[in-house]
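Structure record follows, encoded as structure tokens.
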Amino acid sequence: VEPLVVGLKCEVQGARLETDCQKHLKWICSSSQDCRTHPSYLKEVTLSNRSRSNMTFALKVAPPFSIESTICTAPVHPMAKASDVSILAAVTSPGTGSHAQTQQAPKLFTLPPNDSVLAKIRFTPPAKHRTGRTVDDALLFGDLVMLYSNEETQKLPLEAHIFHPQLNVMPERLDLSTLHVESTATATLALTNPTYADASWTIVHQPKLNP
């Protein structure tokens with residue numbers, strides 16, 4: 001009896017999800033806008049499984065970024081808690097007056113082939129960049145981390161640039177010369193905003209105090 005020979009072939013494919021952004025997710029924000037409600041502080045990314053097998057993974061980010069919500073085309077992972085499916089307490093809801101940032105628990109997913117998950121990522125600037133006293137722009141970095149069940153990891157770089165408004169005044173000093181107490185004079189000021197942030201401002205007369 002001749003032995004039966006069965007050919008075996010194994011292809012090993014690393015765990016990886018396809019993203020709908022090229023290299024990274026990028027925010028360009030202005031400190032003059034409310035980070036809790038303005039759309040520029042919220043970005044979306046779609047993660048798709050283009051392989052021929054299921055992908056089980058968890059999504060995780062660290063402050064100043066947070067996962068606002070997720071929408072998955074596949075059923076909810078059986079080990080995912082109800083709190084994992086809802087918005088976690090990384091950013092408080094608008095109107096609370098709080099900007100507390102806490103570490104989020106990973107969100108669990110199992111994606112069959114050709115399924116995807118849409119993740120909404122929120123950028124919340126550090127406290128010092130949410131005040132008009134800070135004038136220096138800031139560039140902050142992070143990662144959206146995909147932790148796979150086989151212990152592989154995949155990272156999507158996150159980049160947030162926050163701009164602070166500023167006004168330049170020309171001329172720096174106005175000289176109206178000597179005037180009669182009942183006369184008037186006019187002068188022209190040029191105000192320019194050299195930044196990429198919207199500047200909201202008012203002009204208030206501040207009398208000079210006598211020494």
Side-chain angles (χ1 to χ4, degrees), residues 1-29 35-36 38-93 99-126 138-162:
V1 178
E2 295 184 1
L4 177 63
V5 179
V6 178
L8 301 177
K9 182 179 180 181
C10 178
E11 294 182 3
V12 179
Q13 184 178 20
R16 187 169 183 83
L17 294 173
E18 181 182 292
T19 67
D20 62 349
C21 58
Q22 295 181 348
K23 295 181 179 180
H24 61 281
L25 210 56
K26 186 175 183 179
W27 286 255
I28 299 179
C29 307
C35 65
R36 297 168 298 178
H38 198 271
S40 64
Y41 287 88
L42 191 65
K43 295 292 182 181
E44 297 181 353
V45 60
T46 300
L47 309 173
S48 303
N49 180 9
R50 301 305 183 193
S51 69
R52 292 178 291 179
S53 60
N54 290 353
M55 292 281 186
T56 298
F57 61 96
L59 290 180
K60 185 178 180 181
V61 292
F65 303 96
S66 62
I67 300 177
E68 174 102 339
S69 62
T70 56
I71 301 175
C72 186
T73 58
V76 177
H77 191 280
M79 294 182 63
K81 300 178 182 178
S83 59
D84 294 333
V85 181
S86 62
I87 301 175
L88 298 180
V91 180
T92 57
S93 59
H99 296 272
Q101 291 184 338
T102 58
Q103 191 73 29
Q104 285 186 297
K107 291 174 173 283
L108 296 173
F109 301 93
T110 292
L111 284 185
N114 298 319
D115 271 309
S116 61
V117 57
L118 172 68
K120 294 184 178 181
I121 313 297
R122 178 172 293 279
F123 165 60
T124 303
L139 185 59
L140 304 173
F141 299 94
D143 292 297
L144 173 62
V145 183
M146 288 145 270
L147 307 169
Y148 295 97
S149 57
N150 64 349
E151 299 184 356
E152 289 189 51
T153 61
Q154 179 183 349
K155 294 182 179 181
L156 175 65
L158 308 177
E159 176 184 316
H161 203 161
I162 182 165

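Just so it is clear, the structure is predicted and the values come from calculations on it, not from any experiment. One is the number of the first residue; the rest follow in order along the sequence.
- How far CZ of F65 is from CG of L158: 5.0 Å, rounded to the nearest 0.5 Å.
- Considering only residues two or more places apart in sequence or on other chains, S53 meets the side-chain hydrogen bond (donor to acceptor under 3.5 Å, both in side chains) condition with none of them.
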Step by step, work out the side chain to side chain contact (heavy atoms under 4.5 Å, CB included) result for L147 and F57.
CA-CA 5 Å; L147 307 169; F57 61 96; 6.0 Å; no
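- Rounded to the nearest 0.5 Å, atoms CG (N150) and CE (M55) are 8.0 Å apart.
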Could you walk me through whether L25 and L144 pass side chain to side chain contact (heavy atoms under 4.5 Å, CB included), step by step?
CA-CA 9 Å; L25 210 56; L144 173 62; over 6 Å; no
In sequence, state the C-alpha distance, the side-chain angles, and the governing distance for L118 and E44, and then conclude on side chain to side chain contact (heavy atoms under 4.5 Å, CB included).
CA-CA 7 Å; L118 172 68; E44 297 181 353; 3.9 Å; yes
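- Closest approach of L111 to N49, counting heavy atoms only: O-ND2, 2.8 Å.
- Side-chain contact between S149 and T110: absent, with no pair of heavy atoms (C-beta onward) separated by less than 4.5 Å.
- Taking both residues in full, the closest heavy atoms of A15 and Q154 are given as O-OE1, 4.5 Å, listed atom of the first, atom of the second, then distance.
- Annotation: salt bridge (charged side-chain N to carboxylate O under 4.0 Å, His left out) contacts of R16 (sequence neighbours excluded): none.
- Heavy-atom minimum distance, L156 versus H24: CD1-CA, 4.1 Å.
- With values rounded to the nearest 0.5 angstrom, M146 atom CE is found 9.0 Å from T153 atom OG1.
- For the pair R122 (side chain) and C35 (backbone), a donor-acceptor distance under 3.5 Å is present.
- In plain terms, the two heavy atoms of P157 and D143 that are nearest each other are CA-OD1, 3.5 Å.
- In this model, a donor atom of one side chain and an acceptor atom of the other lie less than 3.5 Å apart for D115 and T73.
- Residue K43 comes nearest to S40 through the heavy atom pair CE-O, 4.3 Å, listed as atom of the first residue, atom of the second, then distance.
- For the atom pair L47 CG and C72 SG, the distance stands at 10.0 Å (nearest 0.5 Å).
- The closest side-chain heavy-atom distance from N114 to R50 is below 4.5 Å.
- V145 is not listed as a side-chain neighbour of V61, based on a closest heavy-atom distance of 4.5 Å or more.
- Listed by chain and number, the residues in a side-chain contact (heavy atoms from CB on, under 4.5 Å) with L139 are F141, E159, H161 (sequence neighbours excluded).
- A donor-acceptor contact closer than 3.5 angstrom is absent between the side chains of S116 and T46.
- A pairwise comparison of heavy atoms in L17 and Y148 identifies N-OH, 3.1 Å as the closest pair.
- How far CD1 of I162 is from CH2 of W27: 13.0 Å, rounded to the nearest 0.5 Å.
- Taking CG from L42 and CD from E68, the interatomic distance works out to 5.5 Å, rounded to the nearest 0.5 Å.
- Relative ring orientation between F123 and Y41 is described as parallel, the plane-to-plane angle staying below 30° on a 0-90° scale split at 30° and 60°.
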